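Chain A is the first sequence line, chain B the second, and so forth, proteins listed ahead of strands; every chain is numbered from 1. The structure displayed is predicted, hence computed values, not measured ones.
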Protein chains: 2
Amino acid sequence: MTITEVSKKYDISQDTLRYYERIGLIPAVNRTKGGMRDYSEESCGWIELAKCMRSAGIPIEALIEYCALAQQGDQTITARKELLVEERTKLLEKMEDMKKTLDKLNYKIDIYEKAEVSGVLSWEKPNA
Amino acid sequence: MTITEVSKKYDISQDTLRYYERIGLIPAVNRTKGGMRDYSEESCGWIELAKCMRSAGIPIEALIEYCALAQQGDQTITARKELLVEERTKLLEKMEDMKKTLDKLNYKIDIYEKAEVSGVLSWEKPNA
DNA sequence: TTAACATATGGAGTGCACTCCAAGTCAAGA
DNA sequence: TCTTGACTTGGAGTGCACTCCATATGTTAA
């Protein structure tokens, strides 16, 4: 696959794809004789993984380390697992924060909806 | 309350507290005759709200707009509600992304745990 | 009063994650 | 072959959200 195809398939800019490869967030991509990138099935797998992890805010640093470990073979299985467990813990914490914020948002939206009917907001607490 | 007290109470740096006020993410804080900040109960409510919203990644821009609207009185109730609804939608989308990532993380961790026992990882798919 | 410390301001600097650009190379159709 | 457009690299620039700094002024205990 060309970079244009991969870019469209995963909705990631070509600049970002090149950037990810340059910093080692994904392993080096195969090239044609001319030097153009030719994404294999496996490269696409890495792109998909990168997109998924980044969409959840997993830091670039952690993903670079994961990629480096993965390229060192089976003796890094434990290290990789620990890295993922650590990121999972952080992710769970973030999700809890977001749940709390969601509750607050729901509460405030509810108040505003009632206020739209009654016309006043005097009973709103700023920190509710 | 002094800025030091508020900083400790909400675990936000004094720099960040001043920054939030300067950019209008919270309304102006009362001052003593000498010009020092004297946080009221209401100011603390705003700080708490800011902390909660920011911890979920709600962008600064949106919070500045919300704060500006809130200071204009009851005629901005609908606008404020719409702003919150929009942010809630984005938050929900982010939470879904995170859920997907969590599932993938769980799946991969599970694979690594099994591999630790069997000693090989040959059956791992990169994009699983 | 005076030393020591807290707080004020405006502006510069940082870290992260892209994103854009210039200059050159490769590839495919007329 | 020539033109057009896709692709290459290294490096500079951007946007967001702080974070730090220098200098000055306020506050408090001795």
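- Map Tyr19(B) and Ile3(A) each onto its nearest nucleotide of DNA chain D; the residue landing nearer the 5' end is Ile3(A).
- Using a 4.0 Å cut-off, some side-chain N or O of Thr16(A) falls inside it from OP1 or OP2 of dT19(C).
- Using a 4.0 Å cut-off, no side-chain N or O of Arg18(A) falls inside it from OP1 or OP2 of dC21(C).
- Glu5(A) has its CD atom 12 Å from the C1' atom of dA6(D), to the nearest Å.
- Contacts between residues 53-65 of chain A and DNA chain C, defined by a heavy-atom separation below 4.0 Å, involve Arg54(A), Pro59(A), Ile60(A), listed by number.
- If you check residues 85-97 of chain A against DNA chain D, you find no residue with a heavy atom closer than 4.0 Å.
- Nucleic acid contact for Arg37(A): sugar-phosphate only, since backbone atoms but no base atoms lie under 4.0 Å from a heavy atom of the residue.
- Within the structure, every side-chain polar atom (N or O) of Arg22(B) is placed at least 4.0 Å from both OP1 and OP2 of dG10(C).
- In this structure, Trp46(A) and Leu49(A) have side chains that are in contact, with non-hydrogen atoms separated by less than 4.5 Å.
- In this structure Asp15(B) satisfies the side chain to side chain donor-acceptor pair (under 3.5 Å) test with no other residue, sequence neighbours excluded.
- With Ser43(A) as the fixed residue, the side chain to side chain contact (heavy atoms under 4.5 Å, CB included) test singles out one of Val29(A), Val6(A), Ile26(A): Val29(A).
- In this structure, Asp38(A) atom CG and dA6(D) atom C1' are separated by 15 Å, rounded to whole Å.
- Regarding Met1(B), its CE atom lies at a distance of 17 Å from the P atom of dA6(C), rounded to whole Å.
- Side-chain atoms of Thr101(A) come within 3.5 Å of backbone atoms of Cys52(B) as a donor-acceptor pair (strictly under, hydrogens ignored).
- Qualifying salt bridge (Lys or Arg N to Asp or Glu O under 4.0 Å) partners for Lys8(B), counting only residues two or more places apart in sequence or in other chains: none.
- Rounded to an integer number of Å, the gap from CG of Leu17(B) to P of dA17(D) is 17 Å.
- Atoms CD1 (Ile23(B)) and C1' (dT19(D)) sit 13 Å apart, rounded to a whole Å.
- Nucleotide dC20(C) holds its P atom 12 Å from the CD atom of Gln14(A), rounded to whole Å.
- Within the structure, every pair that satisfies the salt bridge (Lys or Arg N to Asp or Glu O under 4.0 Å) test and touches residues 16-33 of chain B, not counting sequence neighbours, is listed here: Glu21(B)-Arg31(B), Glu21(B)-Arg37(B).
- OP1 or OP2 of dC18(D) has at least one side-chain nitrogen or oxygen of Tyr20(B) nearer than 4.0 Å.
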- Query: Can you give one letter per nucleotide of nucleotides 21-30 of chain D, going 5' to 3': B for a protein heavy atom under 4.0 Å from the base, S for sugar-phosphate only, - for none?
  - Reply: -----SS---

